[in-house]
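Before any comments, here is the structure.
Heavy-atom basis, side chains included; hydrogens, waters and symmetry copies ignored.
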Amino acid sequence: MAEMNFGGVIETVVTSKEFSLEKAHEVLKNETIAVIGYGIQGPGQACNLRDNGFNVIVGQREGKTYEKCLKDGWVPGKTLFPIEEACKKGTIICMLLSDAGQIAVWPKIKPYLTAGKTLYYSHGFAINWQDRTGVVPPSDIDVIMVAPKGSGTSLRTMFCEGRGLNCSYAVYQDASGNAEEKTIAFGIGIGAGYLFKTTFQREATSDLTGERGSLMGAIEGLFEAQYDVLRAHGHSPSEAFNETVEELTQSLMPLFGEKGMDWMYANCSTTAQRGALDWAPRFREAIKPVMEWLYLSVKTGNEAQIAIDKNSQPDYRDKLNKELEDMRNKEMWQAGVTVRTLRPENN
C-alpha cells in the first residue's frame with residue numbers, strides 16, 4: 001500500500017506495484033469465482049479475471065444475455081451454468097446482477113452461501129439499504145466489494161489496452177480474518193488502476209449521488225438548458241449542439257481529464273478564461289442547494305426506495321426503453337447524430 005497526497009489530504013491506495021498479480025493469484029489460488037449476472041459489470045470482470053488466469057465460472061439464465069456468454073467463450077457445463085448451480089460450485093459468489101435483480105434472486109442464492117464462502121459486490125446498494133432490499137448475509141461468510149469507477153465496458157476496454165480503471169474497495173464482514181487481502185487481490189484480478197478504501201455505506205451514497213449528479217443526471221439537465229436557450233434565441237441546431245456538447249466532449253474534456261481544469265483554462269482564449277472564472281461561482285451557488293437536496297434524498301434511502309419500486313415493476317424495461325427513446329429523439333441528440341457523422345474520422 002502507498003500513501004498519496006490528494007489535494008492536501010493523505011490517503012492510502014493500492015496498485016499492482018504494491019500488490020502484484022502474482023500475489024493476487026496466491027491469495028485466490030483455491031477459489032472458484034462465480035460471476036452471477038452478465039449484464040453491465042459481469043462481462044468485463046469475468047473476462048478480465050479469466051484472461052488474468054483466475055478460475056472463473058459464470059451463472060446466467062438462458063436468453064439474450066446467455067447468448068452473449070456463449071459468444072464470449074463461456075462453455076455450458078464447464079464454465080457456464082444456471083445461476084443456482086454456479087452459486088453451488090463457487091466459493092466467491094459475485095453478485096453482478098442489477099440491483100433489482102439481486103433482490104429478486106436473493107432467496108435462491110442465500111442457501112448456497114455456506115460457511116467459509118465469500119459474497120462479492122461491485123455496488124453497496126443491496127447491503128447498505130438491506131432494510132429495504134431484504135439482503136442480509138449469513139454471519140459466517142466474508143462480504144466484500146470492489147467497485148469500478150466506470151462501466152464494465154470501460155473496465156474491459158481499458159484492460160485490453162493495458163490500462164486499469166480506478167476502483168474503490170470495502171469489507172462489510174470479515175468472517176475469515178483474510179477478507180481485506182482477498183478483496184484487494186480481486187481488485188488486482190479485474191484490472192484495477194488503483195484501489196482506494198471505502199465502506200459499503202459511503203460507496204452506495206456517493207455512487208447514487210454521482211450518477212444522479214455530475215456524471216449523468218445533472219449534465220443532461222445542463223446540456224438541455226443551454227441547448228434550449230441557444231435555440232430559443234435563434235441559433236441553429238448545429239451551432240447549439242457544437243457549443244453545448246461537441247466542443248466539451250471532443251476538445252475540452254480531454255484537456256482537464258489529462259491535467260486538470262486550470263490546464264484546460266490555460267489552453268483557451270483569455271475571453272473564455274475570464275467568463276469561465278466569473279461564472280463558475282454563480283453556477284456553484286445555484287447548483288449546490290440542489291446537490292445538498294440530492295445527497296439527503298440518497299442518504300435517507302429515498303432514492304433507493306424509488307429505484308426499488310420502479311425497477312421491480314413487471315413492465316419497467318418497457319417504460320425505461322420509452323424514456324430512453326424520448327431522450328434519443330430530442331432535437332439536441334438527433335442533431336448530435338448528424339454532427340458525429342461529420343467528424344473527420346468518419347469521412
(request) Grab the two heavy atoms, one from Ile83 and one from Gln60, that are nearest each other, plus how far apart they are. (result) CG1-N, 3.9 Å
(request) Would you kindly say whether Thr205 and Gln201 are connected by a side-chain donor-acceptor distance under 3.5 Å? (result) yes
(request) Show your working on side chain to side chain contact (heavy atoms under 4.5 Å, CB included) between Ile188 and Leu195 and close with a plain yes or no. (result) CA-CA 8 Å; Ile188 297 299; Leu195 290 151; 4.2 Å; yes
(message) Is the shortest side-chain heavy-atom distance between Val143 and Phe200 below 4.5 Å?
(response) yes
(message) If you compare all heavy atoms of Glu243 against all heavy atoms of Gln226, which two are closest, and at what distance to 0.1 Å?
(response) O-NE2, 3.2 Å
(message) Within the 4.5 Å heavy-atom criterion, are Tyr265 and Leu277 side-chain neighbours or not?
(response) yes
(message) Counting C-beta onward and ignoring hydrogens, is there a side-chain heavy-atom pair between Ile57 and Leu80 closer than 4.5 Å?
(response) no
(request) Give a yes or no on whether a salt bridge exists between Glu67 and Lys64, defined as a side-chain N under 4.0 angstrom from a carboxylate O. (result) no
(request) Can you see which heavy atom on Tyr120 is nearest to which on Ile190, and at what distance? (result) OH-CD1, 4.2 Å
(message) I want to check something: taking the side chain as every heavy atom from C-beta on, are Val245 and Tyr227 in contact at a cut-off of under 4.5 Å?
(response) no
(request) Could you check if a side-chain atom of Tyr112 sits within less than 4.5 angstrom of a side-chain atom of Ile93, using non-hydrogen atoms only? (result) no
(request) Apply the test side chain to side chain contact (heavy atoms under 4.5 Å, CB included) to residues Phe241 and Leu230: give CA-CA distance (whole Å), side-chain angles for both, the deciding distance (0.1 Å), then the verdict. (result) CA-CA 9 Å; Phe241 186 85; Leu230 290 172; over 6 Å; no
(message) Counting only heavy atoms from other residues, nucleotides and ligands, does the tally under 6.0 Å from NZ of Lys299 exceed 12?
(response) no
(message) Within the structure provided, determine whether His123 and Leu208 are in side-chain contact (heavy-atom separation under 4.5 Å).
(response) yes
(request) Give a yes or no answer on whether the side chain of Arg231 reaches the backbone of His235 with a donor-acceptor pair at less than 3.5 Å. (result) yes
(request) Indicate the atoms forming the closest heavy-atom contact of Gly189 with Asn52, along with that distance. (result) O-ND2, 2.9 Å
(request) Indicate the ring-plane relationship of Tyr194 and Phe6, choosing parallel, tilted or perpendicular according to the 30° and 60° boundaries. (result) tilted
(request) Count the heavy atoms of every other residue, nucleotide or ligand shown that sit under 6.0 Å from CZ of Arg61, and state whether that count exceeds 12. (result) no
(request) In plain terms, say whether Asp315 and Lys322 are close enough for a salt bridge, that is, a side-chain N and a carboxylate O under 4.0 Å apart. (result) no
(request) Could you check if a side-chain atom of Arg156 sits within less than 4.5 angstrom of a side-chain atom of Asn48, using non-hydrogen atoms only? (result) yes
(message) Does Arg317, at its CZ atom, have more than 12 non-hydrogen atoms belonging to other residues, nucleotides or ligands within less than 6.0 Å?
(response) no
(request) Taking Asn242 for its side chain and Ser238 for its backbone only, find out whether a donor-acceptor pair lies under 3.5 Å. (result) yes
(request) Inspect the surroundings of CZ in Phe283 and state if more than 12 heavy atoms from other residues, nucleotides or ligands are less than 6.0 Å away. (result) no
(request) Check the hydrophobic clustering (I, L, V, M, F, W, Y; side-chain heavy atoms under 4.5 Å; chains of links allowed) and say if Leu49 and Val27 are grouped together. (result) yes
(message) Please check if the number of heavy atoms outside Lys149 that lie under 6.0 Å from its NZ is greater than 12.
(response) yes
(message) Taking CD1 in Ile40 as the centre, count heavy atoms belonging to other residues, nucleotides or ligands within less than 6.0 Å. Is the count above 12?
(response) no
(request) Would you check, one step at a time, whether the test side chain to side chain contact (heavy atoms under 4.5 Å, CB included) holds for Leu96 with Gln45? (result) CA-CA 9 Å; Leu96 297 183; Gln45 296 198 32; 4.0 Å; yes
(message) Set out, in order, the CA-CA distance, both residues' side-chain angles and the distance that settles salt bridge (charged side-chain N to carboxylate O under 4.0 Å, His left out) for Lys29 and Glu26, then state yes or no.
(response) CA-CA 5 Å; Lys29 64 182 179 181; Glu26 180 63 26; 2.8 Å; yes
(request) Apply the side-chain contact (heavy atoms from CB on, under 4.5 Å) test between Val58 and each candidate in Pro43, Cys47, Cys69, Cys94; give the one that qualifies. (result) Cys69
(message) Give me the atom names and distance for the closest heavy-atom approach of Pro148 to Gln41.
(response) CG-OE1, 3.6 Å
(message) Under a plain distance cut-off of 3.5 Å, with no hydrogens placed, do Asn55 and Thr32 share a side-chain donor-acceptor pair?
(response) yes
(request) Decide yes or no for Asp174 and Ser176: does some side-chain heavy atom of the first lie under 4.5 Å from some side-chain heavy atom of the second? (result) yes
(request) Taking all heavy atoms of Lys117 and all of Lys88, pick out the closest pair and write down the distance. (result) NZ-O, 3.2 Å
(request) Identify whether NZ of Lys or CZ of Arg in Lys68 sits under 6.0 Å from the centre of the six-membered ring of Tyr38 and within 45° of that ring's axis. (result) no
